[in-house]
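Keep in mind that this is a model prediction, so the values were computed, not measured. Just the heavy atoms: all of them, side chains too, but no hydrogens, waters or symmetry mates, feed the values below. Just follow the structure's listing: the first ligand is 1, and inside any ligand the first atom is 1.
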Amino acid sequence: MSLEFHQFPCLSDNYGVLVHDAASNTTISVDAPDAGAVRDALAEKGWTLTHILVTHHHADHTQGIDELKTVTGCTVIGPDNSEIVGVDRKVADGDVLQLAGDTVSVIATPGHTLDMLNFHFVNAGVLFAADTLFALGCGRVFEGTPEMMWQSLSKLAKLPGETVVYCGHEYTQANAKFSLTIDGGNKALQDRAAQIDEMRARGEPTVPTTIALELETNPFLRASDPQIRKNLGMEAASDSEVFAEIRERKNNA
Ligand code: ZN
Ligand code: FE
């Protein structure tokens with residue numbers, strides 16, 4: 001069993017990803033940010049779409065569903081949210097799907113939205129974190145609370161370090177600049193920020209990332225770090241309070 005992952009930029013800063021399993025002739029689009037871009041990617045690879053996995057209701061993740069479903073007859077799997085039109089199979093936290101020759105576990109990560117689902121391809125060791133966890137960042141807390149978002153990120157942080165993480169957006173360079181204002185003495189973060197500048201200058205994606213790299217450098221996962229707490233003057237606060245402060249600072253950055 002070997003899955004192929006094809007990531008492509010679309011809209012202004014979104015990523016689309018196709019997951020392909022030749023053995024079962026399965027091709028999954030994770031979200032449907034832009035039907036045209038997904039169709040172009042399918043044509044380029046010579047793959048036929050069989051499924052869409054939907055993470056959350058925001059338009060930049062769902063607006064292509066209708067056209068893709070009409071054109072391909074694919075099966076749409078996603079959250080139980082009537083705002084998302086066209087979902088054939090509703091899934092929730094803890095559900096396990098057998099898909100593309102892999103075991104896909106559904107992880108609810110509410111915070112950015114209340115319906116947010118992430119998909120973990122267990123055997124491949126790949127996580128689709130959508131707008132919950134970004135490279136050096138996390139999603140804005142639109143519908144949940146900071147405490148809820150912290151609990152959601154904490155679930156993802158417990159996945160194996162080598163887990164490859166695909167994110168919904170290319171926000172990494174701005175995130176790096178902000179991260180240095182919170183954790184500027186972190187050598188691993190300094191090195192990564194420099195690398196990111198080089199990658200972006202060459203026009204390369206900085207996604208996917210890994211859980212291990214994020215644990216080492218992403219301040220939104222590092223609320224328990226003594227140096228970050230010291231930097232913020234929050235030595236006695238809870239982890240979720242430290243997280244909330246970092247999130248608030250990023251909102252105002
Ligand atoms: Zn979103
Ligand atoms: Fe988004």
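Within the protein, the N, O or S atoms sitting under 2.8 Å from the Zn ion (ligand 1) are His56 NE2, His58 ND1, His112 NE2, Asp131 OD2. Below the 2.8 Å limit, the Fe ion (ligand 2) has as protein N, O or S neighbours Asp60 OD2, His61 NE2, Asp131 OD2, His169 NE2.
Salt bridge annotation for Glu204-Arg200: absent, with no cationic side-chain nitrogen under 4.0 angstrom from a carboxylate oxygen. Between Glu4 and Lys45, at least one side-chain N (NZ, or NE/NH1/NH2) sits under 4.0 Å from a carboxylate O, which counts as a salt bridge. In this structure, Arg39 does not pair ionically with Asp34, as no charged nitrogen and carboxylate oxygen lie closer than 4.0 Å. Using a 4.0 Å cut-off between charged side-chain N and carboxylate O, Arg192 and Glu214 make a salt bridge. Taking the charged nitrogens against the carboxylate oxygens, Asp225 and Lys230 have no contact shorter than 4.0 Å, which rules out a salt bridge.
Remark: Ile52 CD1 to Asp31 CG distance equals 9.0 Å, nearest 0.5 Å. We find the OG1-NZ distance between Thr163 and Lys158 to be 13.5 Å, quoted to the nearest 0.5 Å.
Listed for the Asp95 side chain is a donor-acceptor partner under 3.5 Å among the backbone atoms of Ala92.
Neither side chain, Thr26 nor Asp21, offers a donor N or O lying under 3.5 Å from an acceptor on the other.
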